Every structure is written in structure tokens, then in C-alpha cells.
Amino acid sequence: LARAHPRARFLQVAAEEQDDVAEKYAIEAVPSFVFLRAGHEVDRLTGADAPSLAAKVERWAAETTMTAAAG
């Protein structure tokens with residue numbers, strides 16, 4: 001997904017080792033995917049659901065591209 005969407009940033013955090021990050025984003029299960037825009041949560045996915053993850057990345061990457069093109 002990262003290669004297909006080079007404008008998106010993908011970060012991996014070991015929630016078990018980063019209590020402050022896990023608490024800030026209310027991570028209750030692993031894996032959890034938190035989608036941020038301008039530092040604010042816009043979407044989230046909990047669980048290993050590859051089709052849903054791909055759909056959410058497509059959605060937010062497309063909106064980012066459209067916003068960048070309009071700006």
C-alpha cells in the first residue's frame with residue numbers, strides 16, 4: 001500500500017512498547033490502524049482485514065490527492 005500511495009505516510013508503532021501512543025489513540029486491540037489528517041483522527045480500523053484496510057487507504061489517499069491538487 002505504501003508503494004501505491006507515496007504521498008501517504010505509513011508508520012508502525014509497537015503499541016505494547018509505546019504506552020503513551022497507545023493511550024493517546026485509544027488502541028485496545030492489535031492490529032489497529034488510525035488514519036490522521038492534520039493531526040486529527042479521521043478514520044480507524046481494528047483487526048487484520050486487508051480488504052477494508054486497502055479501501056480506507058484508497059479513500060483517504062484519494063482525498064489527500066484531491067486536496068493537494070485543489071490547494
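Index from 1, following the sequence. Model, not experiment: these values are computed from the prediction.
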For residues 20-28, which side-chain N or O atoms pair as donor and acceptor with protein atoms under 3.5 Å away, sequence neighbours left out?
none

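Checked against salt bridge (charged side-chain N to carboxylate O under 4.0 Å, His left out), E41 has the following partners two or more places apart in sequence or in another chain: R44. Residues satisfying the side chain to side chain contact (heavy atoms under 4.5 Å, CB included) test with E16, not counting sequence neighbours, are A14, V30.
Residue A48 comes nearest to P31 through the heavy atom pair N-CG, 3.8 Å, listed as atom of the first residue, atom of the second, then distance.
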- Query: Could you go step by step and tell me if D43 and R37 meet the side-chain contact (heavy atoms from CB on, under 4.5 Å) rule?
  - Reply: CA-CA 9 Å; D43 207 346; R37 173 171 282 157; over 6 Å; no

- Please walk me through it: do F35 and K56 pass side-chain contact (heavy atoms from CB on, under 4.5 Å)? CA-CA 9 Å; F35 295 80; K56 287 179 181 284; 3.6 Å; yes

- Task: Would you please test L36 and V42 for side-chain contact (heavy atoms from CB on, under 4.5 Å) and show each step?
- Result: CA-CA 6 Å; L36 304 171; V42 294; over 6 Å; no

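Taking the side chain as every heavy atom from C-beta outward, F10 and V57 approach each other to under 4.5 Å.
The hydrophobic clustering, which links ILVMFWY residues whose side-chain heavy atoms are closer than 4.5 Å, places W60 and L45 together.
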